[in-house]
Amino acid sequence: MHTLSKNYNMTFAAVSNGAPALKPLALACAVSLSLFAGVAHADEQALTTVHVTGARFPSDAALPPVGATVITAEEIRNAGVNDVNAAIRKIGGVYGRQSLTGSPDFGLDLRGFGTNSAQNLVILVDGVRMNENELTDAVLSTIPVDTVERIEITRGGSSVLYGEGATGGVINVITKRGAEQGYHGTVVAEAGQRHQFDARASLRHGAGPLSFDLAADRQGTHNDRENAAFRQKSISGGVQWAQDATRVGLRVESARQDQRFPGSLTIEQFEQNPHQTNTPTDFGTLSTDRVTAFAEQRIGSVELAAELSHREREVSSNYDFGGFVSESSYRSRQTQFSPRLRQITRSGGLLNEAVAGVDLVRWERGDNLGFGTWVRQRSNALYLRDEMRWDSALNARLAVGGRHEKFKKDSSAPFEPGNPFSGPPNGSRSLNAWTVEASIDPLAGVTVHAKAGQSYRIANADENAFRSSTGLLEPQTSRDLELGVTVGDKARQVSARVFRHRLRDEIFFDPTATAENPFGANTNLDPTRRQGVELDAATDLGANLRLTGHVQHVQAEFTDGPNAGRDMVLVPKNVLTARLAWLPGNGHSADIGAQYVSKQRYGSDFANDCGARMPSYTTVDARYAYRTGPWEFAVNGLNLADRQYYSQAFGCRSGIYPSDGRQLKLSARYDF
């Protein structure tokens with residue numbers, strides 16, 4: 001999503017402003033408990049080994065990450081999702097908000113951070129940070145879904161390993177390491193209502209230690225609203241050499257997007273016609289290019305690894321304000337270098353994993369219109385983590401870690417004290433994070449874990465450029481706590497987590513922030529808190545059916561100041577996702593999924609006095625596919641009940657961005 005688009009839409013929404021929710025949670029708990037009861041009667045089965053990423057290395061089989069959710073390539077294929085963002089939402093149960101610009105990149109939200117969820121969630125691709133130093137979501141739709149090996153979701157504070165912005169959690173997308181011998185590939189064609197199309201192809205080749213892959217995609221749709229068309233084309237490729245204890249490689253990715261901006265509606269306009277637009281001529285473009293070099297080497301008990309990545313983005317936006325056309329264009333670039341090492345040693349019954357690393361990130365942005373303005377940020381970080389595991393029936397584990405990171409911000413724009421529209425001031429910030437994690441197996445098939453720590457984030461370039469303070473906004477810090485239990489095996493498993501994040505100086509857009517600025521500004525809030533419960537459950541219903549469910553119940557509220565006890569805005573208390581998959585193994589397959597989202601406060605309702613809340617909604621999607629030889633044919637339906645709803649609304653009963661209605665799609669896939 002374009003930075004300027006989001007800032008404009010929030011400002012526009014501010015100008016235009018003038019208990020049953022617990023039932024689904026109780027139902028979800030009942031379902032989870034019934035699955036839990038079935039675990040005791042389940043036959044013991046060997047778990048499929050999935051080597052997920054632990055302390056920024058492929059984890060040792062004895063040291064899997066505590067409390068992580070893993071989406072495998074097989075699950076992605078069976079669900080028939082077209083992009084990584086959809087896989088995270090539909091399979092991983094992560095709540096997502098409809099994009100403001102028609103892009104398939106929904107805003108992902110872990111643990112209820114509202115419109116700032118993208119700034120409280122770190123997204124990685126093969127360990128390389130995708131977050132930008134601006135108000136924008138990470139673009140995942142350009143990642144070829146057929147190249148993904150797995151997606152790892154770690155909820156909760158993770159700043160020790162991943163730096164600023166990881167209070168809500170981390171999503172790490174891992175692409176396939178190498179290719180099987182010979183040539184293999186996939187061709188997919190899809191078409192649907194509202195002129196939707198998606199054509200993609202991928203090719204992989206392995207010859208001894210050398211392998212390469214290529215992928216290309218072209219997609220588009222008119223979406224469900226007027227002036228909401230979206231077009232994207234992308235291409236990517238990689239080459240790697242892996243033999244014995246050495247792996248080196250290079251990946252290159254490029255994507256181009258054209259987007260129309262349908263703008264927001266009032267509640268009266270939404271109820272009259274949710275497909276209309278008030279901004280029929282607004283549009284924008286986005287270009288991204290990324291190159292990443294990586295290397296891994298094992299020397300005895302020591303593993304060395306590093307990534308060097310460079311990414312460039314060019315964004316343009318055009319808005320028509322009643323005949324006055326506002327045009328903006330800028331280019332940003334980011335370079336990241338992340339060397340690290342790990343040593344795994346064993347002494348008697350003790351297994352020890354020690355990890356140390358450095359993250360060096362350089363980011364800058366400058367306009368393309370000849371004004372000569374730019375803003376830069378540099379960060380240098382050092383982190384250490386040590387984990388111990390004792391060989392015993394209890395399988396006890398203990399991990400401690402710390403991180404120190406220093407940020408330096410510079411800008412060429414003039415700074416005027418007291419003027420929130422002036423350029424951001426220059427300055428430096430030093431921050432620390434820490435974590436303590438432990439787990440134990442008190443009974444066979446039961447794991448109990450606990451996490452405590454401190455995470456942080458700093459204001460990005462857009463937040464500091466439009467702020468309520470005279471200097472840089474203060475860093476946001478969070479004291480994080482999580483307790484959890486997992487029961488069962490692959491056939492039947494239930495996980496439950498209770499969590500709490502106590503935040504100070506939370507960085508957020510406050511429409512009531514300053515008397516001088518009637519539109520509000522970004523500011524440091526009074527103390528806030530996120531706390532709640534998460535449930536994950538999965539069970540095999542016979543040989544061909546598998547049921548999965550995800551529940552999040554979160555209370556997001558102020559704990560001090562004039563708003564103490566009031567709800568944070570744009571945070572649903574309850575999100576329930578459930579999927580039923582049918583895989584008989586005879587070429588036929590089907591799945592059906594539903595998501596319930598409870599009511600939430602409108603984006604400007606800091607005082608909780610709007611008199612209305614955004615309505616709750618339930619959406620249902622389904623897919624049927626048939627495979628014969630190398631071919632697969634499928635029909636896919638989204639929002640089958642054609643529910644008219646919205647997940648973005650920045651004013652009180654205004655600033656509404658309607659979500660998509662029902663859509664049917666047909667696809668054909670050929671594997672070779």
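By convention here, the first residue in the shown sequence is residue 1. Fair warning: this is a prediction, and the values are worked out from it, not measured in the lab.
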- Quick check, are the ring centers of Tyr319 and Phe261 under 6.0 angstrom apart?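 Distance test on ring centres: under 6.0 Å, yes.
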A side-chain contact here means heavy atoms from C-beta on lying under 4.5 Å apart; do [X] and [Y] qualify?
X	Y	value
Asp126	Thr292	no
Leu304	Ile299	yes
Lys665	Leu638	yes
Asp591	Asn78	no
Arg546	Trp582	no
Ser103	Phe230	yes
Pro104	Gln219	yes
Leu341	Val355	no

Can you give me the closest heavy-atom contact between [X] and [Y], atom names plus distance?
X	Y	answer
Asp359	Leu161	OD2-O, 4.1 Å
Glu307	Gly127	OE1-O, 4.4 Å
Ile71	Ala87	CD1-O, 3.6 Å
Tyr624	Ser589	CD1-O, 3.3 Å
Gly168	Leu110	O-CB, 3.5 Å
Arg251	Ser236	NH2-OG, 3.9 Å

Okay, side chain of [X], backbone of [Y]: is any donor-acceptor separation there less than 3.5 Å?
X	Y	answer
Gln98	Tyr657	no
His184	Gln181	yes
Asn116	Gln119	no
Asn227	Asp282	yes
Asp213	Gly237	no
Arg225	Gly263	yes
Asn131	Leu121	yes
Ser234	Ser254	no
Ser159	Gly163	yes
Arg311	Arg129	yes

Indicate yes or no: does [X] engage [Y] in a salt bridge with an N to O separation below 4.0 Å.
X	Y	value
Arg362	Glu364	no
Glu132	Arg313	yes
Glu74	Arg150	no
Arg669	Asp671	yes
Arg385	Glu353	yes
Glu253	Arg290	yes
Arg365	Asp462	yes
Arg298	Glu296	no
Asp146	Arg200	yes
Arg111	Glu534	yes

Let me confirm one number: the [atom1]-[atom2] distance from [X] to [Y], rounded to the nearest 0.5 Å.
X	Y	atom1	atom2	answer
Met130	Thr288	CE	OG1	7.5 Å
Thr619	Asp642	OG1	CG	12.0 Å
Ser117	Leu108	OG	CG	7.0 Å
Asn85	Ile171	CG	CD1	8.5 Å

- Looking at residues at least two apart in the chain, or sitting in another chain, which of them share a side chain to side chain contact (heavy atoms under 4.5 Å, CB included) with Phe197? Arg218, Arg231
- Which one of Asp137, Asp109, Thr115 satisfies the side chain to side chain donor-acceptor pair (under 3.5 Å) criterion with Arg97?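 For Arg97, the side chain to side chain donor-acceptor pair (under 3.5 Å) test succeeds with only one of Asp137, Asp109, Thr115, which is Asp109.
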- Message: Under the side chain to side chain donor-acceptor pair (under 3.5 Å) definition, can you give me all pairs with a residue in residues 629-639, not counting sequence neighbours?
- Response: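 Found Arg623-Glu632, Arg627-Glu632.
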- Query: Any side-chain donor paired with an acceptor under 3.5 Å for Ser141 and Gln232?
  - Reply: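 Result is yes, a qualifying pair exists.
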- Message: Looking at Phe106, I'd like to know if the NZ or CZ of Arg89 sits under 6.0 Å from its six-membered ring centre while staying within 45 degrees of the ring's axis.
- Response: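 Satisfied, under 6.0 Å and within 45°.
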- Geometric class of the His205/Tyr183 ring pair [parallel <30°, tilted 30-60°, perpendicular >60°]: parallel
